[in-house]
Undergrad: 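To start, I am sharing the structure in question, which I have written as structure tokens.
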Amino acid sequence: MPLKSYGVLKARLKARRASTEKHMHYHLWVEANGLDYRASVSVRSVLHPSEMEYLIDFQFRHPITRELASLSPGFHALEPCPGTLALDYIRCNLVERNRFLTLPCTGPGCGADLNEVLDNVICAAIADPECWIYIYGEPWEAQATDRIFRFFPSLGIHDVHMNQGNAPGHWEQDGSWQDGAILIERPRQRRWVGVFLKFQSQSWHTDDVTGHALTASFFHEGDGVPLDRHGVPRPDGMVRIIAAMVHSPDGAKQRPESVTLFNVCPIFVDLTGWMLVNREKRRWRLRGGLAPGEAREIPLGASMPLGNRGGVITLLNRQGLKVHGVSYTAEQASEEGWSITF
């Protein structure tokens, strides 16, 4: 079953409380519309390995930021499905797998633990009175005094991490389009920072409906999918989207919209049956193949427009597994005829 409820809280930061050896959450005290909330952020796993995977993106760019900025302060319930403000680490192309790092929640200092990494971002946001924080997760409400920051009543939000692909025994929280995260808007700097967290036990390939991790039996022999060091099939990044021309001059008459693919792996990749998918889930089927180190521009037809107001582009293999994905904003797409590089 997915989360009981899901949404995003837009608020101002007031304070923070770091995690300890006994308490595996990093806490945020935020305020919206005169109400106090606590965000309880997991920074350690009960499963081995206990260290969280994290990504701090100091130059976060995604079309979702334009819509978030127009929200009023407070909690906004979201339908966990595409076409809304809901987040999905895999399907929204928010993050790249190879950019995640791991750290223990506490350590000897000098930036060696997750508390300090989060403090670098959060304390700067607390010091900026114009800063907005957007916290994704599951809300709670209790008619009691908050046990950390002592305000009343206790309102808050938790599950501020990836919420799919869980290990057996934790499947009850699996679901697509219900991932947690922290996005920080610095209006004066015209900059966004993204904080993304996941457990090492969570899978990067999940079922579109249930959000359950796909098992090795889903992959078929002869698919040409490389194996990682544990012998588990890993199609991620075999072929990468390195550029896209999303704002064609004079429509598609002079030059059609296009996506440029690059084969980074050491084997020939047969693209027959692979697909490019846009934000509206419209698809463009591929043919041919790419030799190791080969790049190719793929012209797109009218059936798969990319759009000039921001979007996502996803590359799927013939099993429907995500190989790579990118996103772009309206600002990046504003120059006619220019390719966006990723």
Side-chain angles (χ1 to χ4, degrees), residues 62-63 82-83 88-98 176 203-209 214 216 218-228 232-249 251-328 332-333 337-342:
H62 195 277
D88 190 302
Y89 282 21
I90 300 167
R91 297 162 186 86
C92 267
N93 297 342
L94 291 168
V95 292
E96 288 198 58
R97 174 177 182 166
N98 62 2
S176 58
S203 172
W204 278 106
H205 292 286
T206 64
D207 183 86
D208 285 341
V209 177
L214 297 177
F218 183 86
F219 301 83
H220 307 288
E221 289 187 19
D223 287 338
V225 178
L227 305 180
D228 65 16
V232 177
R234 178 175 174 175
D236 311 71
M238 292 174 59
V239 178
R240 297 180 65 86
I241 300 168
I242 60 171
M245 203 277 286
V246 305
H247 192 164
S248 59
K253 294 180 181 178
Q254 297 181 34
R255 180 185 171 200
E257 295 178 340
S258 66
V259 173
T260 302
L261 303 178
F262 177 55
N263 179 8
V264 302
C265 72
I267 61 174
F268 176 85
V269 177
D270 181 5
L271 298 177
T272 304
W274 289 40
M275 291 176 289
L276 289 165
V277 185
N278 68 5
R279 192 179 188 182
E280 290 72 38
K281 303 303 178 185
R282 300 178 75 172
R283 304 186 171 202
W284 186 258
R285 293 191 177 274
L286 305 178
R287 334 179 259 190
L290 291 173
E294 181 182 0
R296 183 182 306 161
E297 184 180 17
I298 310 294
L300 304 176
S303 62
M304 191 190 141
L306 295 179
N308 306 335
R309 301 183 66 183
V312 299
I313 310 168
T314 304
L315 177 65
L316 304 177
N317 69 9
R318 64 180 60 90
Q319 280 73 51
L321 291 173
K322 178 180 173 181
V323 177
H324 193 230
V326 297
S327 65
Y328 62 93
Q332 290 175 290
W338 284 76
S339 290
I340 304 167
T341 57
F342 304 105

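Sequence positions, counted from 1, serve as the residue numbers for this chain. All figures in this text were calculated on a predicted structure; none of them were measured in a lab.
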Undergrad: Calculate, to the nearest 0.5 Å, the distance between atoms CG and CE belonging to Leu316 and Met275 respectively.
TA: 5.5 Å
Undergrad: For Thr206 versus Leu214, what's the shortest heavy-atom pair and its separation?
TA: C-CG, 3.9 Å
Undergrad: Between Glu297 and Ser258, does the side chain to side chain donor-acceptor pair (under 3.5 Å) criterion hold? Intermediate values first, please.
TA: CA-CA 6 Å; Glu297 184 180 17; Ser258 66; 2.6 Å; yes
Undergrad: Do Arg240 and Glu96 have side chains that get closer than 4.5 Å, going by heavy atoms?
TA: yes
Undergrad: Below 4.5 Å, heavy atoms only, C-beta onward: do Trp204 and Val95 meet side chain to side chain?
TA: yes
Undergrad: To the nearest 0.5 Å, what is the distance between CG (Asn98) and NE2 (His324)?
TA: 7.5 Å
Undergrad: Look at the side chain of His247 and the backbone N and O of Asn308, then say whether any donor-acceptor pair between them is shorter than 3.5 Å.
TA: no
Undergrad: Can you give me the closest heavy-atom contact between Pro82 and Lys281, atom names plus distance?
TA: CB-CE, 4.5 Å
Undergrad: At their closest point, which heavy atom of Asp270 faces which heavy atom of Trp274, and how far apart are they?
TA: O-NE1, 3.2 Å
Undergrad: Can you tell me how far apart CG (Leu261) and CD1 (Ile298) are? Round to the nearest 0.5 Å.
TA: 5.0 Å
Undergrad: Would you call Tyr328 and Val246 a side-chain contact if the rule is heavy atoms closer than 4.5 Å?
TA: yes
Undergrad: Would a 4.5 Å heavy-atom cut-off, applied to side chains only, mark Thr314 and Lys322 as touching?
TA: yes
Undergrad: With side-chain contact (heavy atoms from CB on, under 4.5 Å) as the test, would you mind laying out the steps for Leu315 and Leu286 before giving the verdict?
TA: CA-CA 10 Å; Leu315 177 65; Leu286 305 178; 3.8 Å; yes
Undergrad: For the residue pair His62 and Cys92, what are the closest heavy atoms and their distance?
TA: NE2-O, 2.8 Å
Undergrad: Look at the side chain of Asn278 and the backbone N and O of Arg282, then say whether any donor-acceptor pair between them is shorter than 3.5 Å.
TA: yes
Undergrad: Can you tell if the side chain of Ser327 reaches within under 4.5 Å of the side chain of Pro63, non-hydrogen atoms only?
TA: yes
Undergrad: I need the minimum non-hydrogen distance between Leu276 and Met304, along with the two atoms involved.
TA: O-SD, 3.3 Å
Undergrad: Any Lys/Arg nitrogen of Asp208 or Arg91 sitting under 4.0 Å from an Asp/Glu carboxylate oxygen of the other?
TA: yes
Undergrad: For residues Val259 and Leu300, determine if any side-chain heavy atom of one lies less than 4.5 Å from a side-chain heavy atom of the other.
TA: yes
Undergrad: How about Val326 and Val312: do any of their side-chain heavy atoms sit closer than 4.5 Å?
TA: no
Undergrad: Give, for atom CG of Leu271 and atom CG of Asn263, the distance between the pair rounded to the nearest 0.5 Å.
TA: 8.0 Å
Undergrad: Looking only at non-hydrogen atoms, find the nearest pair between Ile90 and Asp88 and report the distance.
TA: N-OD1, 2.9 Å
Undergrad: Could you check whether any side-chain N or O of Asn93 sits under 3.5 Å from a backbone N or O of Ile313, counting only pairs where one atom can act as donor and the other as acceptor?
TA: yes
Undergrad: So, taking the atom named CE in Met245 and the one named CD in Glu257, what distance separates them when rounded to the nearest 0.5 Å?
TA: 6.5 Å
Undergrad: Out of curiosity, Leu290 CG to Glu294 CD, how far, rounded to the nearest 0.5 Å?
TA: 5.0 Å
Undergrad: Side chains of Ile340 and Trp338: closer than 4.5 Å at any heavy-atom pair?
TA: no
